[in-house]
Novice: 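Dropping the structure in here first, questions after.
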Amino acid sequence: MRTATWIFAAVWLTVGDLGWSGVEVEAADQPQWGHAWTRNMVSPEKGLPSSFDPGKVDSATGEIDLSSTKNVKWVARLGNITYGVPIIGSGRVLIGTNNGRPRDNRFQGDRGVLMCFDEKDGRFLWQLNLPKLTRIKWADWFNIGITSAPTIEADRAYLVSNRGELMCLDLKGMADGNDGPFQDEGRLMAEDGQPPVQPGPQDADILWLLDMPKDLLAEPHNAANGSPMIVGDHLYVCTSNGVEWTHKFVVHPDAPSLIVVDKHTGQLIARDNFGIGGDITHGQWSSPCMGELNGRLLGFFGAGNGVLYAFGILPPETRPAEKPLLLDPVWKFHGHPLAQTQDQVPVDHQHDSTSYQVTANPVFYKNRIYLAFTQEPFHNMKLGWLVCVDATKTGDVTRSAIVWSYDKIGASAATVAIADGLVYAVGYYGTLHCLDAETGQVYWTHEVGGPAAASPLVADGKLYLGTARQSFWIFQAGKEKKVLAEIRMPDKIYASATAANGVLYIPTFRFLYAVADLAVQKTSPPVSK
């Protein structure tokens, strides 16, 4: 095995190509979670509405009465619990949900679902519908569905399923036949011990599959996560390896936390050499991001041991070999506050853990990484801090790389949004914070009500944020606080909004809203699918 680091030629990927030059671009798809490849929760979309009316639920049908909506292009029915982020590309909208309201009578009960809709009108096209991962206790939590955000490229989508399988999907589904080397969709869709299901035109078409719990011994805890990051022909993916169900230890401490695979075949190319081992305190929820520093591309990964790692991105010609390459850390930053003064920070795997972890995605912005390190908010822990780290250093930078930090955010599961030199971050218990990206100065805070697990989105000079209290907030982005609207939604919001091609996509537990200024778009009347 050998360490893989490389300095890229400008002809392969330029700063402009990577999207962090700050240049204005036209309305476009949103094919991955956050900005490519920085994970910044910003969008260049224009003409988005400052208000809308989500309408009323028809008591007879359980659907949204679209005659009661305003500035709603279409509404699509989901399951009854949705944690997936809507992803838009190549005319398709993909979102993970559960099977709480089955679209197909063949599939009943608690399962993981990825739904695909037509971007134009919200028409349902196909779904990936999978049984629970039951052989690993509590690896696939009750009714949680598919929580990972897919990544779209051309006619393919890459996804981590609720069962911890990394998949490549045909965006057309089975409508054009069963393509690719993987031909066993019928068995995969069937419950354990049951005969294979006959795939139909509204089922997903899996092109290849890597079973990370089986093939890599990476066993998720509660949920399989990880939004794949595409760099050339490579996918960078968090494996979700975590503790076993009693929270006492990591079953497979030698399993990888971060892998690189060939996007064409799913073959393993590289894995992390971060030395995480058994130090994971709960699960692993974060996805990698990437940035360019002095002509060199670095990846950044927030691990389940509460440490932020920087690593070299592989050269584009790297292909699978007999043994996987190793991704060595270029630098590491321990996110527990005690690590600022203590050389050894104890690891606590219990429910009452005081350990810190990474739940959000790290964000790269002007040679810095912005990330909240947090106690476990879903176990009612309260503490966390937002850290701005200088990404240009090397080695153990725990005590040398902090540009500024902010401990008033509390526990936080959300990725930050950075726009026009301002950082927007939300704490799980319901406070939204606006800070100066350069200095950490606080400009304003606002109580939006918790739980607030979704990430804020900045687009068109506005900040959008949904909460589990059924509120969708719209602020004017800027140093002066200005609330444009607080909108009562039909149910809870735990997933982040996204924007693409002039439309704002808002997922609630049961519905996916496509919100737009219909006067500007001059669209036909809204439809419900």
Side-chain angles (χ1 to χ4, degrees), residues 34 39-42 281-282 285-287 289 300 302-304 306-308 333-340 345 353-365 368-390 398 401-419 421-458 463-469 471 473 475 477-479 481 483 493-496:
R39 299 290 183 185
N40 194 3
M41 291 297 294
V42 297
T281 60
H282 194 210
W285 325 111
S286 186
S287 299
C289 73
F300 306 94
V307 178
L308 172 65
F333 175 89
H334 200 304
H336 198 300
L338 290 179
Q340 293 297 306
V345 177
S353 173
T354 58
S355 293
Y356 281 63
Q357 64 184 37
V358 178
T359 303
N361 299 328
V363 169
F364 179 84
Y365 181 82
R368 296 176 178 178
I369 293 291
Y370 297 78
L371 179 63
F373 292 90
T374 182
Q375 291 182 335
E376 177 52 75
F378 302 106
H379 289 163
N380 297 316
M381 304 301 290
K382 306 295 184 182
L383 300 180
W385 63 327
L386 177 64
V387 178
C388 172
V389 175
D390 182 348
T398 301
I402 290 183
V403 180
W404 56 260
S405 63
Y406 178 65
D407 64 1
K408 299 299 189 293
I409 192 171
S412 177
T415 302
V416 303
I418 310 174
L422 300 176
V423 179
Y424 302 92
V426 64
Y428 184 76
Y429 295 98
T431 304
L432 176 66
H433 308 255
C434 173
L435 304 95
D436 189 288
E438 183 70 22
T439 66
Q441 176 186 347
V442 180
Y443 290 113
W444 54 264
T445 64
H446 191 82
E447 296 301 320
V448 295
S455 302
L457 171 71
V458 175
L463 183 145
Y464 299 99
L465 177 65
T467 75
R469 291 195 181 182
S471 291
W473 293 84
F475 296 83
K479 294 180 180 179
K481 181 171 66 175
V483 178
I493 298 174
Y494 270 86
S496 308

Novice: Considering non-hydrogen atoms only, spot the tightest contact between A454 and A495 and give its length.
Specialist: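 Closest pair (atom of A454, atom of A495, distance): CB-O, 3.5 Å.
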
Novice: Provide the closest heavy-atom pair for A360 versus A414 in the form atom of the first, atom of the second, distance.
Specialist: CB-O, 3.2 Å

Novice: Show me the pairs that pass salt bridge (charged side-chain N to carboxylate O under 4.0 Å, His left out) and involve residues 375-386, at least two apart or across chains.
Specialist: none

Novice: Would you list the atom pairs, donor with acceptor, under 3.5 Å between side chains in residues 403-411 and any protein atom, with sequence neighbours excluded?
Specialist:
| from | atom 1 | to | atom 2 | distance (Å) |
| --- | --- | --- | --- | --- |
| W404 | NE1 | A437 | O | 3.0 |
| Y406 | OH | H433 | ND1 | 2.9 |

Novice: Are the side chain of Q441 and the backbone of L435 linked by a donor-acceptor contact shorter than 3.5 Å?
Specialist: no

Novice: Are T431 and V426 close enough that some pair of their side-chain heavy atoms sits under 4.5 Å apart?
Specialist: no

Novice: So which heavy atom on L422 is nearest to which on K479, and how close?
Specialist: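 Where L422 meets K479 most closely, the heavy atoms are CD1-N, 3.7 Å.
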
Novice: Using every non-hydrogen atom in the two residues, find where A417 and P456 come nearest and quote the distance to one decimal.
Specialist: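 Here A417 and P456 meet closest at CB-O, 3.7 Å.
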
Novice: Has the side chain of T467 got a donor or acceptor atom that lies under 3.5 Å from a matching backbone atom of P451?
Specialist: no

Novice: What residues form a side-chain contact (heavy atoms from CB on, under 4.5 Å) with S286, not counting sequence neighbours?
Specialist: V358, N361, P362

Novice: With sequence neighbours excluded, what pairs up with Y428 under the ring-ring contact (aromatic ring centres under 6.0 Å, His included) test?
Specialist: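 F378.
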
Novice: If you take all heavy atoms of A477 and V458, which pair is closest and at what distance?
Specialist: CB-CG1, 4.4 Å

Novice: What distance do Y464 atom OH and W473 atom CH2 have between them, rounded to the nearest 0.5 Å?
Specialist: 15.5 Å

Novice: Do the side chain of W385 and the main chain of G335 share a donor and acceptor less than 3.5 angstrom apart?
Specialist: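 Checking the backbone N and O of G335 against the side chain of W385, a donor-acceptor pair under 3.5 Å is found.
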
Novice: Would you sort out whether F333 and F373 count as a ring-ring contact (aromatic ring centres under 6.0 Å, His included), showing the intermediate values?
Specialist: CA-CA 11 Å; F333 175 89; F373 292 90; 5.7 Å; yes

Novice: Using a 3.5 Å distance criterion without hydrogens, assess whether the side chain of N40 forms a donor-acceptor pair with backbone atoms of V363.
Specialist: no

Novice: Examine distances only and state if a side-chain atom of T415 and a backbone atom of S455 form a donor-acceptor pair shorter than 3.5 Å.
Specialist: no

Novice: Within the side chain of H379, is there an N or O that forms a donor-acceptor pair under 3.5 Å with the backbone of M381?
Specialist: no

Novice: For D436 and T439, work out which heavy atoms get closest and say how close.
Specialist: OD1-N, 3.1 Å

Novice: What pairs with E438 under side chain to side chain donor-acceptor pair (under 3.5 Å), at least two apart in sequence or on another chain?
Specialist: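 Side chain to side chain donor-acceptor pair (under 3.5 Å) list for E438, sorted by chain: R368.
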
Novice: Answer yes or no: is there a donor N or O on one side and an acceptor on the other, between the side chain of W285 and the main chain of Q357, under 3.5 Å?
Specialist: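 A pair under 3.5 Å: no.
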
Novice: If you take the centroid of each ring, where Trp contributes its six-membered ring, are H446 and F475 closer together than 6.0 Å?
Specialist: yes

Novice: How many angstroms lie between CG in L457 and OG in S496, if you round to the nearest 0.5 Å?
Specialist: 8.0 Å

Novice: Taking ring-ring contact (aromatic ring centres under 6.0 Å, His included) as the definition, give me every residue that meets it alongside Y424, ordered by chain and number, with sequence neighbours left out.
Specialist: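 Applying ring-ring contact (aromatic ring centres under 6.0 Å, His included) to Y424 gives none.
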
Novice: Report yes if the side chains of L465 and I493 come closer than 4.5 Å at any heavy-atom pair, otherwise no.
Specialist: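 When only atoms from C-beta onward are counted, I493 and L465 do not touch, as no gap falls below 4.5 Å.
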
